[in-house]
Amino acid sequence: MGFIRTQVAGVGRIPHNLRSGDGYVANVLPKVYAAETDETVTTAELGGGHILQGTTLTSDVIYTLPTSVLIEAEWPEMDVGDSYCFYVGNTQAGAFDVVIAVGAGTTAVGANNSLSVPPQAGRMFVLVKTSATTHDLY
């Protein structure tokens, strides 16, 4: 599973490739982490579109995204300017966050972009291809 250009039909019912602003989420496959450990997210897990922390934590955990090189190898269909949305959920009832760390070649954009997901919350992230070898994360 990976970056697939989904065909959608708009108001005129004429199919076109999914593009920014269409607002569709398709083919979601949750990856549930059930241990209280830092994890390295694989491209297959990222491609599922839903990363879920499913245990009670006693400290923050860090989930590190794949490097841009690995993302490019897995999703060669991505063009510069294409984006990929994924959701990170933190179901635990305690006081600890799931923190997303970027892999090499990816930049977290925004001065206040903490990349943290608090307990009993979720956050949608957007990964944008900015060059042949780099991505931005919002």
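Throughout, residue positions are numbered sequentially from 1 according to the sequence presented.
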Engineer: Can you list every salt bridge (Lys or Arg N to Asp or Glu O under 4.0 Å) pair that touches residues 87-111, not counting sequence neighbours?
Structural biologist: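 Pairs touching residues 87-111 that pass the test: none.
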Engineer: Should Ile62 and Val98 be counted in the same cluster of Ile, Leu, Val, Met, Phe, Trp and Tyr side chains packed under 4.5 Å apart?
Structural biologist: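 No; Val98 is not reachable from Ile62 via cluster members.
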Engineer: For the side chain of Ser131 and the backbone of Thr133, is there at least one donor-acceptor N/O pair under 3.5 Å apart?
Structural biologist: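 At least one qualifying donor-acceptor pair exists.
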Engineer: Rounded at 0.5 Å granularity, tell me how far NZ in Lys31 sits from CD in Glu39.
Structural biologist: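 Atom-to-atom, Lys31:NZ and Glu39:CD are 7.0 Å apart.
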Engineer: Between atom CZ of Arg123 and atom CD1 of Ile51, what is the distance when rounded to the nearest 0.5 Å?
Structural biologist: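 Between atom CZ of Arg123 and atom CD1 of Ile51 there are 13.0 Å.
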Engineer: Please answer whether the main-chain N or O of Thr55 pairs with a side-chain N or O of Gln53 as donor and acceptor at a distance below 3.5 Å.
Structural biologist: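 Judged by distance alone, yes, a pair lies under 3.5 Å.
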Engineer: With a 4.5 Å heavy-atom cut-off, do Thr107 and Thr134 have their side chains touching?
Structural biologist: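 Side chain of Thr107 against side chain of Thr134, heavy atoms only: no contact under 4.5 Å found.
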Engineer: With a 4.5 Å limit on heavy-atom distance, are the side chains of Phe86 and Val41 in contact?
Structural biologist: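 Phe86 vs Val41: side chains apart.
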Engineer: Considering all heavy atoms of both residues, which atom of Thr91 and which atom of Gly54 are nearest to each other, and what is their separation?
Structural biologist: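 Distance-wise, the nearest heavy atoms are OG1-CA, 3.5 Å.
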Engineer: Between Met124 and Cys85, which heavy-atom pair has the shortest distance, and what is it?
Structural biologist: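 The pair with the smallest heavy-atom distance is SD-CB, 3.9 Å.
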Engineer: Could you state the interatomic distance from OG1 (Thr130) to CG (Asp82), rounded to the nearest 0.5 Å?
Structural biologist: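 Here the interatomic distance stands at 12.0 Å.
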Engineer: Apply side-chain hydrogen bond (donor to acceptor under 3.5 Å, both in side chains) to Ser114 and list each qualifying residue two or more places apart in sequence or on a separate chain.
Structural biologist: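 In terms of side-chain hydrogen bond (donor to acceptor under 3.5 Å, both in side chains), with neighbours along the sequence ignored, Ser114 is linked to no residue.
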Engineer: Return the minimal non-hydrogen interatomic distance between Gly47 and Trp75, and the atom names on each side.
Structural biologist: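 For Gly47 versus Trp75, the nearest heavy atoms are CA-CZ2, 3.6 Å.
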Engineer: Answer with yes or no whether the hydrophobic clustering places Leu57 together with Leu52; edges join I, L, V, M, F, W, Y residues whose side-chain heavy atoms lie under 4.5 Å apart.
Structural biologist: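 No.
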Engineer: Rounded to the nearest 0.5 Å, how far apart are CG of Leu127 and CD1 of Ile100?
Structural biologist: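 If we round to the nearest 0.5 Å, Leu127:CG and Ile100:CD1 are 11.5 Å apart.
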Engineer: When rounded to the nearest 0.5 angstrom, what is the spacing between OG1 in Thr42 and CG in Leu65?
Structural biologist: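 It comes to 10.5 Å.
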Engineer: Please say yes or no: joined through hydrophobic side-chain contacts below 4.5 Å, possibly via intermediate residues, are Val117 and Leu115 part of one cluster?
Structural biologist: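 Yes, it is one cluster - the side chains of Val117 and Leu115 are joined through contacts under 4.5 Å.
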Engineer: Do you reckon Val126 sits in the same ILVMFWY cluster as Tyr84, going by side-chain contacts under 4.5 Å, direct or chained?
Structural biologist: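 Result: no, two separate clusters.
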Engineer: Are Val102 and Val88 connected into the same hydrophobic cluster when the rule is that any two of I, L, V, M, F, W, Y join if their side-chain heavy atoms are below 4.5 Å apart?
Structural biologist: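 Looking at the clustering, Val102 is in the same group as Val88.
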Engineer: Do you know which two heavy atoms are closest between Ile71 and Pro66, and how far apart they sit?
Structural biologist: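 Taking every non-hydrogen atom into account, CD1-O, 3.7 Å.
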Engineer: Distance-only, no hydrogens or angles: does the Asn113 side chain make a donor-acceptor pair with backbone N or O of Leu137 under 3.5 Å?
Structural biologist: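 Yes, because the side chain of Asn113 sits within donor-acceptor range (under 3.5 Å) of the backbone of Leu137.
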Engineer: Should the pair His50 and Tyr87 be assigned to parallel (<30°), tilted (30 to 60°) or perpendicular (>60°) ring geometry?
Structural biologist: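 Ring orientation of His50 relative to Tyr87: perpendicular.
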Engineer: Do Ser68 and Thr106 get their side chains close enough for a donor-acceptor pair, meaning under 3.5 Å?
Structural biologist: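 There is such a pair between these side chains.
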Engineer: Going by atom types only, do Tyr63 and Glu45 share a side-chain donor-acceptor pair under 3.5 Å?
Structural biologist: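 No - no donor-acceptor pair under 3.5 Å links their side chains.
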Engineer: Which atoms form the tightest heavy-atom contact between Lys129 and Glu72, and what is the distance?
Structural biologist: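 Reported closest heavy-atom pair: NZ-OE1, 2.7 Å.
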Engineer: If you compare all heavy atoms of Val61 against all heavy atoms of Asp38, which two are closest, and at what distance to 0.1 Å?
Structural biologist: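 Distance-wise, the nearest heavy atoms are CA-OD1, 3.5 Å.
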Engineer: Please check this pair: side chain of Glu36 against backbone of Thr58, looking for a donor-acceptor N/O pair closer than 3.5 Å.
Structural biologist: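 Yes; at least one donor-acceptor contact below 3.5 Å.
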Engineer: Starting at CG of Leu70, measure out to OG1 of Thr43 and round the result to the nearest 0.5 Å.
Structural biologist: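 That separation rounds to 6.5 Å.
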